[in-house]
Colleague: 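Below: one structure in structure tokens.
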Amino acid sequence: MISNSQALSPIQVAAAVRHPANPDAAWEGLFLVDTGAVDCLVPARHLRELGIEPRGKRIHELADGTEVRFDVSIAQIESMGDRVGATVSFGAADAEPILGVTALESVGIEVDPRSQRLKRLPSVRL
């Protein structure tokens with residue numbers, strides 16, 4: 001059991017979201033790295049300001065087991081010097097941006113479980 005004094009701090013990383021057809025415009029924020037999340041989550045207003053509109057809906061399971069339906073689309077996510085296409089969910093106005101594991105793994109970045117830091121892999125898994 002981990003006591004509160006031993007609890008690991010959440011990992012956050014600066015990232016930019018870009019419209020695939022207009023990559024010069026971006027919204028930048030501090031994203032929670034969530035290895036339990038497949039997709040990324042961004043407050044909807046930032047996506048819409050970039051001209052990114054919903055292209056579908058997806059049901060996501062939250063950490064507490066609740067299932068919620070989100071609008072989703074595709075955006076470019078840039079972090080740690082790399083840019084990748086990723087599925088983004090349209091979050092509430094006060095939602096903390098989340099960087100999901102798919103975007104991280106697409107550029108060869110993973111969370112080191114010992115140090116709780118992001119590390120670049122020598123190659124991207126195919």
Colleague: Kindly indicate, with the supporting measurements, whether the criterion side-chain contact (heavy atoms from CB on, under 4.5 Å) is fulfilled by Val88 and Val72.
Modeller: CA-CA 6 Å; Val88 290; Val72 295; over 6 Å; no
Colleague: Just verifying a value: how many Å separate Arg114 CZ and Lys119 NZ, rounded to the nearest 0.5 Å?
Modeller: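 Separation between the atoms: 8.0 Å.
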Colleague: How close do Ala14 and Leu30 get, heavy atom to heavy atom, and via which atoms?
Modeller: N-CD1, 3.8 Å
Colleague: Under the side-chain contact (heavy atoms from CB on, under 4.5 Å) rule, what do Cys40 and Ile98 come out as? Steps first, then yes or no, please.
Modeller: CA-CA 5 Å; Cys40 299; Ile98 294 174; 6.0 Å; no
Colleague: Provide the closest heavy-atom pair for Pro23 versus Ala21 in the form atom of the first, atom of the second, distance.
Modeller: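 Smallest heavy-atom distance, with atoms named: CD-C, 3.6 Å.
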Colleague: What do the steps show when you test Arg55 against Ile74 for side-chain contact (heavy atoms from CB on, under 4.5 Å), and what is the final call?
Modeller: CA-CA 8 Å; Arg55 299 285 180 226; Ile74 300 297; over 6 Å; no
Colleague: What's the separation between atom OG in Ser79 and atom CZ in Phe31, rounded to the nearest 0.5 Å?
Modeller: 8.5 Å
Colleague: Between Val107 and Ile11, is there shared hydrophobic-cluster membership here, with clusters defined by ILVMFWY side-chain heavy atoms closer than 4.5 Å?
Modeller: yes
Colleague: So, does Thr87 use its side chain to make a donor-acceptor pair with the main chain of Ser73 at under 3.5 Å?
Modeller: no
Colleague: Can you measure from NZ (Lys57) to CG (Asp71) and round to the nearest 0.5 angstrom?
Modeller: 3.5 Å
Colleague: With the side chain counted from C-beta on, respond yes when Arg48 and Pro54 share a heavy-atom pair under 4.5 Å apart, and no when they do not.
Modeller: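 Contact flag for Arg48/Pro54 side chains = yes.
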Colleague: Show the nearest heavy-atom pair for residues Ala86 and Ala103, with the distance to one decimal.
Modeller: CB-CB, 4.2 Å
Colleague: Locate the shortest heavy-atom distance separating Phe70 from Phe90; write the atom from each residue and the value.
Modeller: CD2-O, 3.3 Å
Colleague: To check you understand the geometry: which heavy-atom pair defines the closest contact between Ile77 and Ala15, and what is its length?
Modeller: CG2-CB, 4.5 Å
Colleague: Same cluster or not: Val38 versus Val84, using hydrophobic residues (I, L, V, M, F, W, Y) connected whenever any side-chain heavy atoms lie under 4.5 Å apart?
Modeller: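 Val38 and Val84: separate clusters.
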Colleague: Roughly how far apart are Leu41 CG and Leu99 CG, rounded to 0.5 Å?
Modeller: 11.0 Å
Colleague: Considering non-hydrogen atoms only, spot the tightest contact between Ile109 and Leu118 and give its length.
Modeller: CG2-CB, 4.0 Å
Colleague: Ignoring hydrogens and geometry, is there a side-chain-to-backbone donor-acceptor pair from Arg45 to Ala93 under 3.5 Å?
Modeller: yes
Colleague: Is a side-chain N or O of Arg120 found less than 3.5 angstrom from the main chain of Met80, in a donor-acceptor match?
Modeller: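 Here the side-chain-to-backbone pair exists.
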Colleague: Go through the steps for Asp39 and His60 under the test side-chain contact (heavy atoms from CB on, under 4.5 Å), then give the verdict.
Modeller: CA-CA 9 Å; Asp39 296 331; His60 288 286; 3.0 Å; yes
Colleague: Side chains of Pro97 and His46, heavy atoms from C-beta outward: is any pair under 4.5 Å?
Modeller: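 No, side chains not in contact.
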Colleague: Could you state whether Leu32 and Val111 fall into the same hydrophobic cluster, counting links through intermediate Ile, Leu, Val, Met, Phe, Trp or Tyr residues with side-chain heavy atoms under 4.5 angstrom apart?
Modeller: no
Colleague: Going from CZ on Arg18 to CD on Glu28, what distance comes out if it is rounded to the nearest 0.5 angstrom?
Modeller: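 Rounded to the nearest 0.5 Å, the CZ-CD separation comes out at 7.0 Å.
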